[in-house]
Amino acid sequence: MSQQAQSIDTRGKHRVLAELKRLEQETRFVEQEELEQLDKTESVSSACKELLGNVEAKPDPLLSETIGPVNPSWDRWFEGPQDSKGCRCWIF
């Protein structure tokens, strides 16, 4: 092998090693970012649990709160037929 071929091969190895080192550094940086985000996730998770507890404990202010049916005749629309003989509905 000539002197020129050996120097080209050495530069190629150097470039590959430099690229490999750069990728290793980038990998460590990304791992560090992921670990930091994971540390923050725990506090976010506890905040979500607290928020869910508060939301479930209070009634929705946009929905009216009724204890019993306001108009009992409306219940027939939501309950189903009282007897199966009275229902003449056919589903095709």
Side-chain angles (χ1 to χ4, degrees):
M1 208 182 233
S2 70
Q3 181 72 14
Q4 186 181 8
Q6 286 180 343
S7 65
I8 291 173
D9 188 41
T10 305
R11 284 183 280 172
K13 286 181 183 179
H14 177 71
R15 287 181 184 156
V16 169
L17 289 173
E19 181 67 17
L20 183 60
K21 191 164 194 90
R22 186 188 68 78
L23 288 172
E24 288 173 348
Q25 289 175 345
E26 189 174 327
T27 302
R28 275 183 264 150
F29 177 75
V30 170
E31 287 174 351
Q32 185 64 32
E33 279 186 345
E34 288 178 353
L35 288 174
E36 288 173 3
Q37 288 178 357
L38 191 60
D39 288 340
K40 293 175 185 177
T41 303
E42 185 178 333
S43 60
V44 169
S45 178
S46 62
C48 288
K49 287 179 186 177
E50 182 181 342
L51 177 65
L52 184 61
N54 289 337
V55 168
E56 288 178 340
K58 298 177 183 176
D60 190 341
L62 299 177
L63 296 176
S64 61
E65 191 172 323
T66 57
I67 297 171
V70 178
N71 185 349
S73 65
W74 277 91
D75 285 345
R76 67 185 176 131
W77 297 104
F78 301 107
E79 290 179 356
Q82 299 301 323
D83 60 356
S84 60
K85 294 177 186 174
C87 183
R88 302 279 184 228
C89 304
W90 294 92
I91 299 174
F92 296 101

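Sequential numbering from 1 along the given sequence is applied to the chain's residues. These values consider heavy atoms only, across backbone and side chains, with no hydrogens, waters or symmetry-generated copies.
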Spatial distance of atom OG1 (T27) from atom CD (Q32) [nearest 0.5 Å]: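 These two atoms lie 13.0 Å from each other.
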
Output the distance between atom CG (L17) and atom CZ (R15), rounded to the nearest 0.5 Å.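 Answer for the CG-CZ pair, L17 versus R15, is 12.5 Å.
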
Counterpart residues, salt bridge (charged side-chain N to carboxylate O under 4.0 Å, His left out), relative to E19 (two or more places apart):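 In terms of salt bridge (charged side-chain N to carboxylate O under 4.0 Å, His left out), with neighbours along the sequence ignored, E19 is linked to R22.
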
Whichever hydrophobic residues join L51 through chains of side-chain contacts under 4.5 Å: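 Answer for L51: V55.
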
